[in-house]
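One structure is given below, encoded as structure tokens.
Chain naming here is simple, since letters A, B, ... match the order of the sequence lines and numbering starts at 1 in each.
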2 protein chains.
Amino acid sequence: MKDRLFRQTKQRKFILEELKKLKTHPTAEELFLQFKKKMPNLSFSTVYRNLNFLRDKGEILELNLGKYSSRYDADINQHHHFFCLGCNRIFDIYFSSNDMLTRHIEEKLNFKVKYQRRDFYGYCKDCKGKTRDKT
Amino acid sequence: MKDRLFRQTKQRKFILEELKKLKTHPTAEELFLQFKKKMPNLSFSTVYRNLNFLRDKGEILELNLGKYSSRYDADINQHHHFFCLGCNRIFDIYFSSNDMLTRHIEEKLNFKVKYQRRDFYGYCKDCKGKTRDKT
DNA sequence: TTAATTGCAAAACTTTTGCAACGCT
DNA sequence: AGCGTTGCAAAAGTTTTGCAATTAA
């Protein structure tokens with residue numbers, strides 16, 4: 001297997017820097033539209049290719065929540081997400097992990113857990129009162 | 001808001017019954033191909049429409065793991081999933097929930113958790129030895 | 001009878017890819 | 001110079017939709 005050289009292009013650098021500024025977990029399209037303002041001839045495929053590249057290198061996270069567009073997060077500290085069904089915002093959930101279940105999977109089932117995702121869906125503080133959904 | 005009548009068609013009944021027999025978390029396409037053997041003029045859109053219908057009614061789960069095809073699960077008992085990065089199989093993980101984190105989100109953040117997903121990715125017992133990935 | 005549902009085909013939407021030109025190293 | 005990367009357009013893959021015909025209630 002041959003060593004591959006990776007180049008630091010201005011597009012790649014720009015994409016990572018801008019994503020790091022955002023706490024909103026944007027889609028590729030949202031990023032593209034926003035980036036285009038500062039870098040007018042940036043193309044959609046370059047955005048996708050770099051998001052995939054950065055995800056593969058572990059520099060960003062790709063969150064595929066729904067069937068449609070993935071969302072991206074440049075915060076790679078271990079954390080979970082809360083999706084508000086009311087306003088569609090995504091909240092970061094930081095946690096201290098004392099994790100029985102992971103231990104169970106590794107020790108009892110003899111699997112190896114490489115990573116995990118835990119997604120919560122519900123109503124945030126702001127939306128809780130506004131919904132008719134009282135279940 | 002008007003009451004809507006839902007009909008029990010033979011396609012809908014068939015789709016739910018067949019999915020219940022499967023423990024393999026198939027995609028819509030896999031289901032369609034398999035169903036077509038027993039119901040030759042079933043159409044792809046009927047499969048999709050009924051999977052969406054059953055999901056909205058809470059009778060099945062739609063698991064959207066990757067960017068691509070959703071997978072479906074007729075086991076609606078609360079459980080998690082383990083995705084084997086080696087063989088791509090999906091294992092059901094049943095758990096007893098004594099859940100600090102959910103409680104934290106509901107009590108400290110004052111959010112309402114409606115449902116949650118926890119997905120594990122790693123190597124199952126069979127694949128653990130075969131991979132070069134020793135991290 | 002009538003409105004929900006089906007089957008078919010086309011459309012919609014997200015993401016990837018082929019290719020020539022460009023630009024890091 | 002060499003080859004990774006870009007921009008553009010076209011393609012690929014998944015899911016939804018419009019519509020006339022069918023069928024459950």
Rounded to the Å, how far apart are [X] [atom1] and [N] [atom2]?
X	N	atom1	atom2	value
A:R12	C:dT25	CZ	C1'	14 Å
A:Q11	C:dA21	CD	P	18 Å
A:R55	C:dT14	CZ	C1'	14 Å
B:F44	C:dG7	CZ	P	13 Å
A:E29	C:dT15	CD	C1'	12 Å
A:K10	D:dG4	NZ	P	19 Å
A:F53	D:dT6	CZ	C1'	14 Å
B:F14	C:dT6	CZ	C1'	15 Å

- request: Would you kindly compare B:T9 and B:A28 by the position of their nearest DNA chain D nucleotide and give the one closer to the 5′ end?
  value: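 It is B:A28, whose closest nucleotide lies nearer the 5' terminus.
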query: Just checking, any donor-acceptor pair under 3.5 angstrom between side chains of A:E62 and A:S70?
result: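 Checked: A:E62/A:S70 side chains pair up, N/O donor to acceptor below 3.5 Å.
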Protein-nucleotides 8-12 of chain D N/O pairs closer than 3.5 Å?
residue, atom, partner, partner atom, Å
D:dC8, N4, A:S45, OG, 3.0

query: Under the side chain to side chain donor-acceptor pair (under 3.5 Å) criterion, do A:R55 and A:N52 qualify, and how do the steps go?
result: CA-CA 5 Å; A:R55 180 247 290 138; A:N52 287 348; 2.8 Å; yes
For the backbone of [Y] and the side chain of [X], can you confirm whether one donor and one acceptor N or O come within less than 3.5 Å of each other?
X	Y	answer
B:E30	B:T27	yes
A:R71	A:H25	yes
B:R12	B:R7	yes
A:K112	A:E106	no

- prompt: Which nucleotide sits closest to the side chain of B:T46: C:dA3, C:dT15, C:dG7?
  reply: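 Minimum distance to the B:T46 side chain belongs to C:dG7.
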- prompt: Considering only C:dT6, D:dT6, D:dT16, which nucleotide approaches the side chain of B:Y48 most closely?
  reply: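 The nucleotide sitting nearest to the side chain is D:dT16.
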query: Does A:N52 put a side-chain nitrogen or oxygen below 4.0 Å from OP1 or OP2 of C:dT16?
result: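 Yes, within the criterion.
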Parallel, tilted or perpendicular, as decided by the 30° and 60° cut-offs, for the rings of B:F53 and B:F6: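 Taking B:F53 first and then B:F6, their aromatic rings stand perpendicular (interplane angle over 60°).
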